Peer 1: 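The structure follows.
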Amino acid sequence: MSDTAAPKPVVVVMGATAEEPPPGIHAIAGEVDLRYAPDRASLEREIADAEIVYTWWGERDDLEAAWPRAGNLKWLAASNVGINGLLFPALVESDVTLTNARGAADVPIAETVVGFVVAMAKGFRPMFDRQREHVWDLHVMERLAGRRVLVVGPGPIGRAIARALRDGLGMRAAAVGRTARPGDDVFETIVGADDLHAALADADYVIDSMPLTPQTRGMFDEAAFAAMKRTARFVNVGRGATVMEAALIDALASGGIAGAALDVYEEEPLPAGSPLWDMENVIVCPHMSGDVDGFEADFAAVFYDNLRRYLRGEPLRNVVDKRLGFPTDDPRLP
């Protein structure tokens, strides 16, 4: 009987160095053969031995270029929640398991959305403008208790948003998912995507928390905004390309909807010439709704937990259906 220990699985961390690694990685350093690939050349070299690749701050183009050398790869762990920018055909068609960091940003994003909703309802932006101009002027603020919020994309982030708005502000929450299903402990009703426009007509606040997939791309178009109340406000913390930005701008400029708070955009950074910058009824947030103090450690912790599951032979969390573009292992999802 041999006393030789089994070799440790090789984990390649993209976009990092041993000098500047993901926070907390020392906790797993003794369990794996840890290597770093800060650039394409090093990734092409290291990926040949990799059983696991953790993307950290890596680039899709580098991964796609190195992919033909990934003969031993079993698991690709994305460092963030949105993986639409990571997918490429060879990855989608492969047997490599893909996971994301779902769960790391639910509460921070929900907190930001609560701030957006309160700011719009209470008129904080014009209030701040008057403060800078030393103008004492009153306005009537909107009551939020009892208002209807519609979450389009009732995944974990959407659920956290709805729960925060319901429990913290007394709002009533409904949702639009891929398919209809009964309401639950968060949402009064959950309708399917085919009923989006009817659901929009009843909402005072519409929250887009959708992933970007072929089905959700451009879902908020001219017809969707036309279906909303003229007093309704729109919040996007999902993906920029789920919204046809020109249609949104037209709706905001024409009074088709009352306002918007945006964290994501069709093009990022938002171009300096975009009308959104100067619209008085728009809050522009530079894609940082989940970026709270310590957020990088929170995201990395999801990978460390999953790695320990992997080493014990247990099922991984957050396994992505690569054709749908998001995890489907949550029983609350349609």
Side-chain angles (χ1 to χ4, degrees), residues 5-16 22 25 28-29 31-104 155-156 178-179 210-217 239 241 299-334:
K8 297 176 181 179
V10 175
V11 175
V12 174
V13 183
M14 292 176 57
I25 204 166
I28 63 159
E31 303 175 67
V32 297
D33 180 353
L34 195 58
R35 306 182 189 180
Y36 294 94
D39 52 36
R40 181 177 298 190
S42 57
L43 180 63
E44 290 180 340
R45 181 175 63 252
E46 298 291 356
I47 203 170
D49 297 327
E51 185 172 330
I52 302 163
V53 168
Y54 182 40
T55 62
W56 198 234
W57 294 117
E59 298 289 339
R60 165 188 160 159
D61 290 347
D62 293 343
L63 181 62
E64 189 170 12
W67 193 257
R69 301 173 183 267
N72 298 312
L73 189 62
K74 296 181 180 178
W75 171 27
L76 178 67
S79 60
N80 52 13
V81 178
I83 49 81
N84 55 281
L86 182 65
L87 294 173
F88 52 90
L91 168 58
V92 173
E93 298 297 330
S94 75
D95 294 329
V96 173
T97 298
L98 173 64
T99 62
N100 73 353
R102 185 182 60 185
R178 285 185 294 147
T179 57
M210 293 186 292
L212 180 61
T213 70
Q215 291 72 37
T216 65
R217 183 179 293 276
R239 287 291 175 262
F299 277 73
V302 177
F303 171 61
Y304 305 150
D305 174 71
N306 243 355
L307 179 64
R308 294 188 180 97
R309 291 170 182 263
Y310 181 89
L311 295 174
R312 294 192 298 261
E314 297 174 359
L316 297 177
R317 295 167 50 197
N318 301 346
V319 174
V320 173
D321 183 317
K322 292 179 287 187
R323 297 192 183 279
L324 291 176
F326 54 89
T328 57
D329 56 341
D330 189 325
R332 299 166 302 184
L333 298 177

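This is a predicted model, so every value here is computed, not measured.
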Peer 1: Any non-hydrogen side-chain atom of P327 less than 4.5 Å from a side-chain atom of V319?
Peer 2: no
Peer 1: Using salt bridge (charged side-chain N to carboxylate O under 4.0 Å, His left out) as the criterion, list what pairs up with R35, not counting sequence neighbours.
Peer 2: D33, E46, D49
Peer 1: Mind checking side chain to side chain donor-acceptor pair (under 3.5 Å) for N72 and listing every partner two or more places apart, or none if nothing turns up?
Peer 2: none
Peer 1: Hey, are the side chains of V92 and L87 touching, using non-hydrogen atoms and a 4.5 Å cut-off?
Peer 2: yes
Peer 1: Using a cut-off of 6.0 Å, state whether more than 12 heavy atoms not belonging to E51 lie near its atom CD.
Peer 2: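 Yes, because the 6.0 Å sphere around CD of E51 holds more than 12 heavy atoms from other groups.
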Peer 1: Would you call T97 and K74 a side-chain contact if the rule is heavy atoms closer than 4.5 Å?
Peer 2: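 Answer no - side chains too far apart.
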Peer 1: For E44, give me all partners under salt bridge (charged side-chain N to carboxylate O under 4.0 Å, His left out), at least two apart in sequence or on another chain.
Peer 2: none
Peer 1: Hey, could you give me each pair passing salt bridge (Lys or Arg N to Asp or Glu O under 4.0 Å) that has a residue in residues 6-15? Not counting sequence neighbours.
Peer 2: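 Of all non-adjacent pairs touching residues 6-15, none passes salt bridge (Lys or Arg N to Asp or Glu O under 4.0 Å).
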Peer 1: Could you list all the ring-ring contact (aromatic ring centres under 6.0 Å, His included) pairs where at least one residue sits in residues 78-99, not counting sequence neighbours?
Peer 2: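 Only W67-F88 qualify under ring-ring contact (aromatic ring centres under 6.0 Å, His included).
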Peer 1: May I ask you to test the P22-F299 pair for a side-chain heavy-atom distance under 4.5 Å?
Peer 2: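 They are not in contact (no side-chain heavy atoms under 4.5 Å apart), so the answer is no.
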Peer 1: Could you tell me which residues satisfy side chain to side chain donor-acceptor pair (under 3.5 Å) with N318, sequence neighbours excluded, listed by chain and number?
Peer 2: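 Once residues adjacent in sequence are excluded, the partners of N318 under the side chain to side chain donor-acceptor pair (under 3.5 Å) criterion are R102.
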Peer 1: Would you mind reporting whether E31 and L307 have side-chain heavy atoms less than 4.5 Å apart?
Peer 2: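 No; the side chains remain at least 4.5 Å from each other.
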Peer 1: Could you tell me which residues satisfy salt bridge (charged side-chain N to carboxylate O under 4.0 Å, His left out) with E64, sequence neighbours excluded, listed by chain and number?
Peer 2: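 Testing E64 for salt bridge (charged side-chain N to carboxylate O under 4.0 Å, His left out), a comparison that skips the adjacent residues, returns R60.
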Peer 1: Going by salt bridge (charged side-chain N to carboxylate O under 4.0 Å, His left out), name the residues that satisfy it together with R69, two or more places apart in sequence or in a different chain.
Peer 2: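 Per chain and number, R69 pairs via salt bridge (charged side-chain N to carboxylate O under 4.0 Å, His left out) with no residue.
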Peer 1: Any heavy-atom pair between the side chains of W56 and P38 that's under 4.5 Å?
Peer 2: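 Counting from C-beta outward, P38 and W56 never come under 4.5 Å.
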Peer 1: Carefully, step by step, assess L324 and T213 under the rule side-chain contact (heavy atoms from CB on, under 4.5 Å).
Peer 2: CA-CA 6 Å; L324 291 176; T213 70; 5.6 Å; no
Peer 1: Apply side chain to side chain donor-acceptor pair (under 3.5 Å) to R309 and list each qualifying residue two or more places apart in sequence or on a separate chain.
Peer 2: D305
Peer 1: Taking side chain to side chain donor-acceptor pair (under 3.5 Å) as the definition, give me every residue that meets it alongside Y54, ordered by chain and number, with sequence neighbours left out.
Peer 2: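 Residues passing side chain to side chain donor-acceptor pair (under 3.5 Å) with Y54: none at all.
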Peer 1: Would you mind listing every salt bridge (Lys or Arg N to Asp or Glu O under 4.0 Å) that reaches into residues 87-96, with sequence neighbours excluded?
Peer 2: E93-R323
Peer 1: side-chain contact (heavy atoms from CB on, under 4.5 Å) with T55: which residues, sequence neighbours excluded?
Peer 2: M14, L76, A78, S79, L86
Peer 1: Just checking W75 against F303, ring centres under 6.0 Å apart?
Peer 2: yes
